[in-house]
Amino acid sequence: MDQENVSATLTFAVSAARVFAVLADPTTHAAIDGTGWVQEAADTAPLTEVGQIFRMDMYHPNHPDGDYQTVNKVQVLDPPRTIGWLTGQDKGDGDLEFGGWVWRYDLAPLGPSETEVTLTYDWSAVPQYIRDRGIPFPPFGPEHLTNSLHHLAGLVSGR
C-alpha cells in the first residue's frame, strides 16, 4: 500500500460543536471505537489543549498481555473543527513513547445542524524500527473507521 493513511467520511444531522464536544470527552471513546479494542478512559478529563495526555484501557486478543493501556497525546485541537492525537505507550519508567500513528477527526459544518465528519488514521510517521516488528499498518480494515463514525453519529444524535 503506497498510501499511509486511511479515512472515512459521514454527514451528521447535528452541529459541529455537538460532535466536537463528544470527541473531546475521553469517556465516550469506547462507545465510538469501531474495532472494539477501546475499553474505557483511564483519564476522564475533557481534552482541552494541544500536548494534553490521556490514557485509554484497551484489549486486543493478539496483544501479549491482552489487556493494555495506550497513552495518547493531543496533537491538534481546534474547536469545533479538528481534534487529533498520537497514540503510544508508557515505557514503564515514566517515559512515554509514541509510535507515529495519529487519529484525527475533521469537522466541516454544512449548516447550523449538519456536519461532515472525516476520521483519518495516519501511520506515515511510524519509524522503521516499529515497522520492522512486523506490525501491519493499518492494524484493522477500513470498515472500522466507518463503524466508528456510525457509532459517533448515534451518540451525538442521542440514539
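One is the number of the first residue; the rest follow in order along the sequence. Since the model is a prediction, treat every value here as computed from it, not as a measurement.
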Shortest non-hydrogen separation from [X] to [Y] and the atoms involved:
X: Gly100; Y: Ala125; answer: O-CB, 3.6 Å
X: His151; Y: Ala31; answer: CB-O, 3.3 Å
X: Pro109; Y: Arg81; answer: CD-NH1, 2.7 Å
X: Ser148; Y: Asp33; answer: OG-C, 3.6 Å

Notebook entry, point to check: Can any side-chain N or O of Glu114 pair as donor or acceptor with the backbone N or O of Leu110 at less than 3.5 Å?
Noted result: no

Is there a side-chain contact between [X] and [Y] (heavy atoms, below 4.5 Å)?
X: Pro26; Y: Thr44; result: no
X: Gln3; Y: Ser124; result: no
X: Ile130; Y: Pro127; result: yes

Next item on the list: Apply ring pair (Phe, Tyr, Trp, His ring centres under 6.0 Å) to Trp85 and His29, showing your working.
Entry: CA-CA 12 Å; Trp85 52 87; His29 291 197; 5.0 Å; yes

Hey, any chance [X] and [Y] share a hydrophobic cluster, counting ILVMFWY side chains that come within less than 4.5 Å of each other, even indirectly?
X: Val117; Y: Val102; result: no
X: Phe98; Y: Val50; result: no
X: Leu155; Y: Leu119; result: yes

May I have the list of side-chain donor-acceptor pairs in residues 9-23 shorter than 3.5 Å, sequence neighbours left out?
from: Thr9; atom 1: OG1; to: Thr118; atom 2: OG1; distance (Å): 2.9
from: Ser15; atom 1: OG; to: Arg18; atom 2: N; distance (Å): 3.1
from: Arg18; atom 1: NE; to: Val156; atom 2: O; distance (Å): 3.4

Next item on the list: Please determine, by modelled atom types, if Gln128 and Asp132 share a side-chain donor-acceptor pair under 3.5 angstrom.
Entry: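 Asp132 and Gln128 do have a side-chain donor-acceptor pair below 3.5 Å.
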
Side chains of residues 71-78: which donor-acceptor partners sit under 3.5 Å, not counting sequence neighbours?
from: Asn72; atom 1: OD1; to: Thr87; atom 2: OG1; distance (Å): 2.9
from: Asn72; atom 1: ND2; to: Phe54; atom 2: O; distance (Å): 3.2
from: Asn72; atom 1: ND2; to: Thr70; atom 2: OG1; distance (Å): 3.3

Check: Roughly how far, to the nearest 0.5 Å, is CG of Leu107 from OG1 of Thr115?
Finding: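 Going from the OG1 atom of Thr115 to the CG atom of Leu107 covers 6.0 Å.
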
Notebook entry, point to check: CG/Asp43 to OG1/Thr27 distance, rounded to the nearest 0.5 angstrom?
Noted result: 11.5 Å

Item checked: Qualifying residue for side chain to side chain contact (heavy atoms under 4.5 Å, CB included) with Tyr105, from Thr120, Thr82, Leu149 -> Leu149

Item checked: Residue from Asn5, Leu86, Val126 passing side chain to side chain contact (heavy atoms under 4.5 Å, CB included) with Trp101 ->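 Of the listed options, the one satisfying the test is Val126.
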
Next item on the list: On the 0 to 90° scale, with breaks at 30° and 60°, tag the Phe137-Trp123 ring pair as parallel, tilted or perpendicular.
Entry: parallel

Checklist line | Intermediate values then yes/no, side chain to side chain contact (heavy atoms under 4.5 Å, CB included), Asp95 and Asp90 | finding: CA-CA 6 Å; Asp95 285 338; Asp90 186 325; 5.9 Å; no

Notebook entry, point to check: Hey, is Arg55 close enough to Glu40 for a salt bridge, meaning N to O under 4.0 Å?
Noted result: no

